[in-house]
Amino acid sequence: MVRFIIAAVFGLGLAACQAEDPPVVSLASQNFNDNRVAKTLFGAMPTGSPQAPQPFGGYARGCQAGAQQLAETGPTWQAMRLSRNRNWAQPMTLDFVRDLSRFAATQPGWEGLYIGDMSQPRGGPMLTGHASHQTGLDIDVWMLPPDRLDLSVTERENLSSISMRRNAGAFTNSRWTPQHEAIIRAAASDPRTARIFVFPGAKVAMCNSATGDRSWLNKVRPWWGHHYHFHVRLNCPDGATGCTDQAPPPPGDGCDDAQGWVDRILNPPPPDPNAPPPTPRAELTMANLPGQCQTVLTAE
């Protein structure tokens, strides 16, 4: 039963952390009635647009101008799954990766960070996987502690992260360490961070062990999946008038809410026999995106 409920909810979320994203209305008329499937167009772009850096729209309905590519290897990080070409982001996001990976490298057993998906070269909807990661402000950070930063391209394609969950995400397993918590706390304490998504058991574990200032816990939100990586979502950069921030998390540390997630995993409510079948997620078209995304797409 637990597996069924989790699979159903996961199917709705699609490992994308798109929860609570506000709808985005097109900001210009140039996309009106453009019913081309956006993921096909953005997924085909190999490089960023030659424009000033700027995110447009929301995390799950947007695009990014002037994206920069995270170096495949840095002093304290490596970008993984290079074949996906998803190591593009806004300059602020690249600075965040450098800063957080530098901190991670101070932790015992960690040489830095393995960085998973960020965004496509021009953002926008992806061909597969995430519903968010569209504006260059989302980062997936692997839970696997890097013990070396000289992985070959082939190794980066074949190496897998490790799961931190137990009991379908209700608890952490023996691989969870104080270093994981320290790195997530550092990420959540950064003023650039809007949210961090992680599986419910990890949030509860951090609630139980946190001492002193607990304000950082407010940004750590439980969400399905996210046991092989944690997902950092950054705020819109200052001056990015075309970027739509997510509403801030509710006040408080969010620990009671996370415990509620765990309780429902351990004791799932009975299915509602009258519940309608889930509605398949519609494909985003260009008309669903901010008008600036047409210019981002065609800029040469």
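None of these values were measured; they are calculated from a predicted model. In what follows, every heavy atom counts, from backbone to side chain, and hydrogens, waters and symmetry copies are set aside.
A distance-only check finds a donor-acceptor pair linking the side chain of Ser119 to the backbone of Gly136 [under 3.5 Å]. A donor-acceptor contact shorter than 3.5 Å links the side chain of Glu157 to the backbone of Ser83. For the pair His180 (side chain) and Met143 (backbone), a donor-acceptor distance under 3.5 Å is present. A donor-acceptor contact shorter than 3.5 Å is absent between the side chain of Asn87 and the backbone of Ala79. Within the 3.5 Å criterion, the main-chain N or O of Thr172 finds no donor-acceptor partner in the side chain of Arg175. Judged purely by atom type and a 3.5 angstrom limit, Asp140 has no side-chain atom pairing as donor or acceptor with the backbone of Gly116. In this structure, the side chain of Asn85 engages the main chain of Pro46 through a donor-acceptor pair within 3.5 Å. No side-chain donor-acceptor contact under 3.5 Å links Thr135 to the backbone of Phe56. Under the 3.5 Å distance criterion, the side-chain polar atoms of Lys219 are left unmatched by any main-chain donor or acceptor of Pro249.
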When you look at Arg166 and Ser174, which way does the side-chain hydrogen bond (donor to acceptor under 3.5 Å, both in side chains) test go after all the steps?
-> CA-CA 9 Å; Arg166 179 167 56 90; Ser174 60; over 6 Å; no
Does the pair Thr193 and Asp190 meet the rule for a side-chain hydrogen bond (donor to acceptor under 3.5 Å, both in side chains), with working shown?
-> CA-CA 6 Å; Thr193 299; Asp190 193 301; 4.7 Å; no
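Of the candidates Asn235, Asp99, Asp95, Arg192 forms a side-chain hydrogen bond (donor to acceptor under 3.5 Å, both in side chains) with just one, namely Asp99. Only one option out of Gln134, Glu283, Gln120 pairs with Lys39 in a side-chain hydrogen bond (donor to acceptor under 3.5 Å, both in side chains); it is Glu283.
The aromatic rings of Trp223 and Phe197 lie perpendicular to each other, with more than 60° between the two planes, well past the 30° mark. The aromatic rings of Phe199 and Trp176 stand perpendicular to each other, their planes meeting at an angle above 60°, with 30° marking the opposite boundary.
Considering only heavy atoms from C-beta on, Thr93 comes within 4.5 Å of Ile139 through its side chain. A 4.5 Å side-chain heavy-atom check between Phe96 and Gln90 finds every atom pair outside the cut-off. Looking only at side-chain heavy atoms (C-beta outward), Gln54 and Val296 stay at 4.5 Å or farther from each other.
Under the 3.5 Å distance criterion, with hydrogens and angles disregarded, no donor-acceptor pair is assigned to the side chains of Ser161 and His229. Side-chain N/O atoms of Thr76 and Glu111 include no donor and acceptor closer than 3.5 Å.
In this structure, Leu82 belongs to a hydrophobic cluster whose other members, linked by side-chain heavy atoms under 4.5 Å apart, are Val153.
Residue pairs satisfying the disulfide (SG to SG under 2.5 Å) criterion with at least one member in residues 37-93, sequence neighbours excluded, are listed as follows: Cys63-Cys293. Applying the salt bridge (charged side-chain N to carboxylate O under 4.0 Å, His left out) test to pairs two or more places apart or on separate chains, none has a residue in residues 288-300.
Within the model, atoms CD1 of Ile184 and OG of Ser189 stand 11.5 Å from one another, a figure rounded to the nearest 0.5 Å. Put simply, CD1 on Ile196 and CH2 on Trp216 are 8.5 Å apart, with the number rounded to the nearest 0.5 Å. Atom CG of Leu297 sits about 13.5 Å away from atom CD of Gln292, to the nearest 0.5 Å.
Of all heavy-atom pairs spanning Cys255 and Leu217, the tightest one is SG-CD1, 4.1 Å. Of all heavy-atom pairs spanning Pro91 and Pro53, the tightest one is CD-CB, 3.6 Å. Across Asp253 and Arg214, no two heavy atoms sit closer than the pair OD2-NH2, 3.4 Å.
Scanning for salt bridge (charged side-chain N to carboxylate O under 4.0 Å, His left out) contacts around Arg84 gives Asp117, with sequence neighbours left out. Residues passing the ring-ring contact (aromatic ring centres under 6.0 Å, His included) test with Trp88: none are found, sequence neighbours excluded. Residues that satisfy the side chain to side chain contact (heavy atoms under 4.5 Å, CB included) test with Ser152, not counting sequence neighbours, are Thr154, Glu155.
Both the sub-6.0 Å distance and the 45° axial angle are not jointly satisfied by Arg165 relative to the ring of Phe171.
Note on Leu266 and Val204: same hydrophobic cluster, where clusters join Ile, Leu, Val, Met, Phe, Trp and Tyr whose side-chain heavy atoms are under 4.5 Å apart, directly or indirectly.
Ring to ring, Trp142 and Trp77 are not that close: their centroids are 6.0 angstrom or more apart.
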